[in-house]
Amino acid sequence: MKKSLSSLLVAALAALVAPALLAEAPAQAPAQPAKNPVVVIKTSMGTIKAELYPDKAPITVKNFLQYASEKFYDGLIFHRVINGFMIQGGGHDAKLAKKATRAPIKNEAKTSPKNTVGTLAMGQIPGDQNSATSQFFINVSNNQPLDYRGEGKGETGYCVFGKVTDGMDVVNKIKAVPTGVQNGMADVPLTAVVIESIRLEK
């Protein structure tokens, strides 16, 4: 059966319009990369914010965030402060009692950034590269001797897993506090610098 003139015209118009509609369809936006997590570190001297690097130190970031989510750090202190070097906390309370931790994690210094000013890194037992648990420090100088030096060259380095994005003024206030020897520990702030909480920013 022959097609009617009207049906042929409709088909012709459809053939002309369809490509135009396809051309005008908006291109799908490329997927946005996931944002790095940010933690809020509230201290008795002010608030510090830090961006974490799960792409560079996935085990370390997961470990740190787990301690934070469990409110492990609440009420602990920065127990070791050395102006020109770093401020360290996350292991002792105000009486300098050491808090029990989970098992140590693998050192990821090989893939982590350098220990530059404002970066967060994991504390560890000197000579034992895979001994990091909960303690962390914030570099207040460019501490090149702490960087990864290659396998077979003593300590492999201290793993950097984040960097301060806001609150370096607070870090600088903490690094300048008077320190002394307490309970056999050196470089302890004479007035406790308390970590009130560490939480993932919402």
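Keep in mind the model is a prediction, meaning the values are calculated, not measured. Positions are given from 1 along the sequence.
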Are [X] and [Y] linked, directly or through other ILVMFWY residues, by side chains that come within less than 4.5 angstrom of each other?
X: F78; Y: V177; value: yes
X: V193; Y: V140; value: yes
X: I174; Y: M86; value: no
X: V164; Y: I41; value: yes
X: V81; Y: L76; value: yes

Decide yes or no for [X] and [Y]: does some side-chain heavy atom of the first lie under 4.5 Å from some side-chain heavy atom of the second?
X: D166; Y: V38; result: no
X: K71; Y: S197; result: no
X: Q135; Y: Q88; result: yes
X: M122; Y: N63; result: yes
X: P104; Y: Q124; result: no
X: L120; Y: I138; result: yes

| query | Is E70 atom CD crowded by more than 12 heavy atoms from other residues, nucleotides or ligands, each under 6.0 Å away? | reply | yes
| request: Show your working on salt bridge (charged side-chain N to carboxylate O under 4.0 Å, His left out) between D74 and K42 and close with a plain yes or no. | output: CA-CA 9 Å; D74 295 14; K42 292 184 178 179; over 6 Å; no
What pair of heavy atoms forms the shortest contact from [X] to [Y], and how long is it?
X: P37; Y: L200; result: CB-CD1, 3.6 Å
X: V181; Y: A186; result: CG2-CA, 4.2 Å
X: I195; Y: I198; result: CG2-CG1, 3.8 Å
X: S134; Y: G90; result: OG-O, 2.7 Å
X: V160; Y: T119; result: CG1-CB, 3.7 Å
X: D147; Y: K114; result: OD2-CD, 3.3 Å

Could you give the distance from [atom1] ([X]) to [atom2] ([Y]), rounded to the nearest 0.5 Å?
X: Q144; Y: N139; atom1: CD; atom2: CG; value: 12.0 Å
X: S69; Y: K62; atom1: OG; atom2: NZ; value: 11.0 Å
X: K173; Y: I48; atom1: NZ; atom2: CD1; value: 9.5 Å
X: Y67; Y: K99; atom1: OH; atom2: NZ; value: 10.0 Å
X: C159; Y: N115; atom1: SG; atom2: CG; value: 9.0 Å

With no hydrogens and no angle check, just 3.5 Å: does a side-chain donor-acceptor pair link [X] and [Y]?
X: N107; Y: N130; result: no
X: D187; Y: T179; result: no
X: Q182; Y: H79; result: no

| query | Can you name the residues that form a ring-ring contact (aromatic ring centres under 6.0 Å, His included) with F64, not counting sequence neighbours? | reply | Y73, F136, F161
| Would F72 and Q66 satisfy side-chain contact (heavy atoms from CB on, under 4.5 Å), going step by step from the backbone distance to the final call? | CA-CA 9 Å; F72 177 92; Q66 185 173 347; over 6 Å; no
| query | Under the 3.5 angstrom rule, does the side chain of N172 hit a backbone N or O of M168 as a donor-acceptor pair? | reply | yes
| Side-chain donor or acceptor of T116 paired with backbone N/O of N142 under 3.5 Å | no
| remark: Applying side chain to side chain contact (heavy atoms under 4.5 Å, CB included) to D169 and not counting sequence neighbours gives none
| R80 to F137, cation-pi by 6.0 Å centre distance and 45° axis angle | no
| request: Would you please test V188 and N183 for side-chain contact (heavy atoms from CB on, under 4.5 Å) and show each step? | output: CA-CA 9 Å; V188 179; N183 291 8; over 6 Å; no
| task | Scan L52, I105, L65 and name whichever one has a side chain to side chain contact (heavy atoms under 4.5 Å, CB included) with T60. | result | I105
| query | Residues in side-chain hydrogen bond (donor to acceptor under 3.5 Å, both in side chains) with K49, at least two apart? | reply | E201
